[in-house]
Amino acid sequence: MKKKFLRCAVLVEIGAILCCLGAVFHMQGNSLPVSASAESEEEDFIKWVDFDVSYEALNAAYEYDLETYGQDVHVEWIPLLAYTAVHTGGSFSKDALNMMKETKEKLCAKETTMEELTSGLKNYDYYLEAYDAVLHSYLGENGGTYGLQVFSPIAKGFQYNDYDDFGSSRDYGYSRPHLGHDMMGLIGTPVIAVESGTVEALGWNQYGGWRIGIRSDDTKRYYYYAHLRQDRPYAQGLKEGDRVKSGDVIGYMGHTGYSKKENVNNIDSVHLHFGIQLIFDESQEDGNGEIWIDCYNLTRFLSKNRSEVIRDDATKEWKHVETDDDAAKEQKRVLTDDDAAKERKGAEKEQSGEQAETEQNGERESAL
């Protein structure tokens, strides 16, 4: 009888221990998924974007958007591009252009809606967010006029040459791909703020020479302008923390960089290095998580809207002209194509003299 009682007591004690252990494991089991879930939510942002939208696709989507703005059905360009990308894997061939046109016609005929077309569509949300991060503020209203609110990085009236060099090899310092777009021109060519934003970086970088970094107002885009002019790289008075407006002159084309020593022309050809970085999370601002996109087709597209500028002969500074301001037009000389040729010739003569003097003084260094 005594043994039976002891056996029962032992069983009860073992049961109590197992219950306690079960409670502990249950608590740990509940806490682990919560922690993992929280970590997953924290990292739920886009890690990479291949922006392969062609110039033709950008132009077509833009024209459809403009054409239908204010109509019963407004075909917005970013959802249209995203919808097409889902079906083409992000490439934009002639078939993609035909699909865009057919989709636009169906939407305008009210045969369907973009909401119906994209409901439950796999990868649509990704393309929509990615393309919106690139193009978010490009179209809008200003002074009652709907259209492009951004500008080419090169001022109107100044010639440049370019090609798609994104990803080509660079070896100064270390071997790496070229994460920008080079636009070749003349020393002193005015460089334009593509979009309104805040100057986050300004100064010397051994790779980019004199450079400017501007963050868009929604913080999703970081515009990088590098290899600016020796001695006078920036618009007068520009400094970190300043807010700039799209179309403002922010600096001048040159070929500085590839040197630890400041103010050195070590780049062979005069050009603007123009780059666009996308930022979905603060962890992507610097380091291995950075996202730089191929912006060649974007610069082709933006060439349709180039900032009008005038030159102050006293300061030799260029300024953006608000062309819709009639009073300003009467008081200021707007740069025309004929004027541009004269101004370019004068600027080229002035800057070639400066460059010759620089080389004679032995200020140019060999590549490190």
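This structure is a prediction, so every number in the text was calculated from the model and none was measured.
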K.L.:
Do W292 and Y296 land in one hydrophobic cluster if side-chain heavy atoms of ILVMFWY residues count as linked below 4.5 Å?
P.N.:
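No; Y296 is not reachable from W292 via cluster members.
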
K.L.:
Less than 4.5 Å apart, side chain to side chain, heavy atoms only: is that true for M253 and L186?
P.N.:
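Not in contact.
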
K.L.:
Less than 4.0 angstrom from a charged side-chain N to a carboxylate O is my criterion; do K220 and E195 meet it?
P.N.:
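Looking at E195 together with K220, the answer is no, because their closest N to O distance does not fall below 4.0 Å.
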
K.L.:
I'd like to check V134 versus I276 (side-chain heavy atoms, cut-off strictly below 4.5 Å). Are they in contact?
P.N.:
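SC-SC contact between V134 and I276 ruled out.
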
K.L.:
How about E282: does its CD atom have over 12 heavy atoms from other parts shown lying under 6.0 Å from it?
P.N.:
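Atom CD in E282 is not crowded, with 12 or fewer foreign heavy atoms closer than 6.0 Å.
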
K.L.:
Which pair of non-hydrogen atoms, one from I250 and one from I212, has the smallest distance, and what is that distance?
P.N.:
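Reported closest heavy-atom pair: O-CD1, 3.3 Å.
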
K.L.:
Are M99 and V75 connected, step by step, through hydrophobic side chains (Ile, Leu, Val, Met, Phe, Trp, Tyr) whose heavy atoms are closer than 4.5 Å?
P.N.:
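Yes, M99 and V75 fall within the same hydrophobic cluster.
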
K.L.:
Identify the heavy atoms of G197 and D217 that sit nearest to each other, and give their distance.
P.N.:
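Reported closest heavy-atom pair: CA-OD1, 3.5 Å.
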
K.L.:
Less than 4.0 Å between a side-chain N and a carboxylate O, is that true for E200 and R215?
P.N.:
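Yes, R215 and E200 are salt-bridged.
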
K.L.:
Using the six-membered ring of Y124, assess whether NZ or CZ of K122 lies under 6.0 Å from its centre and within 45 degrees of the ring axis.
P.N.:
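Judged by the rule, K122 and Y124 form no cation-pi pair.
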
K.L.:
How far apart are the closest heavy atoms of Y127 and G90, and which atoms are they?
P.N.:
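Result for this residue pair: OH-N, 3.5 Å.
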
K.L.:
Return yes if a side-chain donor-acceptor contact under 3.5 Å exists between D294 and H181, otherwise no.
P.N.:
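D294 vs H181: no donor-acceptor pair found between side chains.
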
K.L.:
Any salt bridge between R311 and D313, counting N to O under 4.0 Å?
P.N.:
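Result for this pair is yes, salt bridge flagged.
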
K.L.:
Aromatic contact between F301 and Y62, with the criterion being ring centroids under 6.0 Å apart: yes or no?
P.N.:
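They qualify: ring centres under 6.0 Å apart.
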
K.L.:
Flag the pair I214 / T198 as yes when at least one side-chain heavy-atom distance between them is below 4.5 Å, and no otherwise.
P.N.:
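A side-chain contact under 4.5 Å is absent here.
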
K.L.:
I'd like to know if the side chain of S91 and the backbone of T88 have a donor-acceptor N/O pair within less than 3.5 Å.
P.N.:
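It does hold such a pair.
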
K.L.:
Under the side chain to side chain contact (heavy atoms under 4.5 Å, CB included) criterion, do F274 and V191 qualify, and how do the steps go?
P.N.:
CA-CA 10 Å; F274 174 64; V191 174; over 6 Å; no

K.L.:
Determine, step by step, whether C295 and F166 satisfy the side chain to side chain contact (heavy atoms under 4.5 Å, CB included) criterion, reporting the C-alpha distance in whole Å, the side-chain angles of both residues, the deciding distance to 0.1 Å, and the verdict.
P.N.:
CA-CA 8 Å; C295 50; F166 186 83; over 6 Å; no

K.L.:
Parallel, tilted or perpendicular, judged at 30° and 60°: which one describes the rings of Y222 and Y224?
P.N.:
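Aromatic pair Y222/Y224 classed parallel.
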
K.L.:
Counting only heavy atoms not in K304, do more than 12 sit closer than 6.0 Å to its NZ atom?
P.N.:
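Above 12, so yes.
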
K.L.:
Only pairs at least two apart or in different chains count here, so list each salt bridge (charged side-chain N to carboxylate O under 4.0 Å, His left out) that has a residue in residues 87-102.
P.N.:
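Checked against salt bridge (charged side-chain N to carboxylate O under 4.0 Å, His left out) - neighbours excluded - no pair reaches residues 87-102.
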
K.L.:
Decide whether I154 and Y138 are clustered together by the hydrophobic rule: side chain heavy atoms of Ile, Leu, Val, Met, Phe, Trp, Tyr closer than 4.5 Å, transitively.
P.N.:
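Shared cluster, yes.
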
K.L.:
Please report whether the ring centroid of W210 lies less than 6.0 Å from that of Y225.
P.N.:
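Between W210 and Y225, which both carry aromatic rings, the centre distance is not below 6.0 Å.
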
K.L.:
Enter the distance from E290:CD to W48:CH2 here, rounded to the nearest 0.5 Å.
P.N.:
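If I round to the nearest 0.5 Å, the distance is 9.5 Å.
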
K.L.:
May I ask you to say whether R300 pairs ionically with D162, meaning some side-chain N is under 4.0 Å from a carboxylate O?
P.N.:
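Here R300 does not pair with D162 in a salt bridge, since their nearest N and O are not under 4.0 Å apart.
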
K.L.:
In plain terms, say whether D248 and K319 are close enough for a salt bridge, that is, a side-chain N and a carboxylate O under 4.0 Å apart.
P.N.:
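Salt bridge between D248 and K319, a charged N being under 4.0 Å from a carboxylate O: no.
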
K.L.:
So which heavy atom on A193 is nearest to which on F151, and how close?
P.N.:
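Here A193 and F151 meet closest at O-CB, 4.4 Å.
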
K.L.:
Could you check whether any side-chain heavy atom of I291 comes within less than 4.5 Å of a side-chain heavy atom of F280, counting everything from C-beta outward?
P.N.:
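A side-chain contact exists here, since the closest heavy-atom pair is under 4.5 Å.
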
K.L.:
Going hydrophobic residue to hydrophobic residue with side-chain gaps under 4.5 angstrom, can you get from L117 over to L97?
P.N.:
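Looking at the clustering, L97 is in the same group as L117.
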
K.L.:
Would you sort out whether D52 and N297 count as a side chain to side chain contact (heavy atoms under 4.5 Å, CB included), showing the intermediate values?
P.N.:
CA-CA 8 Å; D52 295 325; N297 287 317; over 6 Å; no

K.L.:
Kindly say whether the aromatic ring centers of Y146 and Y69 come within a distance under 6.0 Å.
P.N.:
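Yes, the ring centres sit under 6.0 Å apart.
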
K.L.:
Are H227 and H271 an aromatic pair by the rule of ring centers under 6.0 Å?
P.N.:
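Centroid separation for H227 and H271: below 6.0 Å.
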
K.L.:
Consider only side-chain N and O atoms of Q206 and W204, and report whether a donor and an acceptor are under 3.5 Å apart.
P.N.:
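Q206 vs W204: no donor-acceptor pair found between side chains.
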
K.L.:
Write down the atom of S307, the atom of G247, and the distance for their closest heavy-atom approach.
P.N.:
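Of all heavy-atom pairs spanning S307 and G247, the closest is OG-O, 2.8 Å.
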
K.L.:
Salt bridge check: are R170 and D182 linked by an N-O gap of less than 4.0 Å?
P.N.:
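Between D182 and R170 there is a salt bridge, with a charged N closer than 4.0 Å to a carboxylate O.
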
K.L.:
Is the shortest side-chain heavy-atom distance between L278 and R221 below 4.5 Å?
P.N.:
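The answer is yes; the side chains approach within 4.5 Å.
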
K.L.:
May I ask whether Y160 and M184 are part of the same hydrophobic cluster, defined by side-chain heavy atoms of I, L, V, M, F, W, Y residues being less than 4.5 angstrom apart, directly or through others?
P.N.:
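In one cluster with Y160: M184, no.
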
K.L.:
Would H74 and D65 satisfy side chain to side chain donor-acceptor pair (under 3.5 Å), going step by step from the backbone distance to the final call?
P.N.:
CA-CA 7 Å; H74 179 204; D65 194 309; 2.7 Å; yes

K.L.:
Would you indicate whether the side-chain heavy atoms of L272 and L228 approach each other to under 4.5 Å?
P.N.:
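Contact flag for L228/L272 side chains = yes.
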
K.L.:
Could you give me the CA-CA distance, side-chain angles and deciding distance for K156 and E308, then say whether salt bridge (charged side-chain N to carboxylate O under 4.0 Å, His left out) is met?
P.N.:
CA-CA 5 Å; K156 183 177 181 180; E308 298 245 22; 3.1 Å; yes

K.L.:
Of the options R232, E317, Q230, which is the one that meets Y252 in a side chain to side chain donor-acceptor pair (under 3.5 Å)?
P.N.:
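Going through the options one by one, the only one that passes is E317.
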
K.L.:
Side-chain contact, heavy-atom cut-off 4.5 Å: W77 with Y131?
P.N.:
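Contact flag for W77/Y131 side chains = no.
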
K.L.:
Are T256 and I267 packed together at the side-chain level, in the sense that at least one heavy-atom pair is separated by less than 4.5 angstrom?
P.N.:
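A side-chain contact under 4.5 Å is absent here.
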
K.L.:
Using a strict 4.0 Å threshold on nitrogen-to-oxygen distance, state whether E63 and K104 make a salt bridge.
P.N.:
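Salt bridge absent between E63 and K104.
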
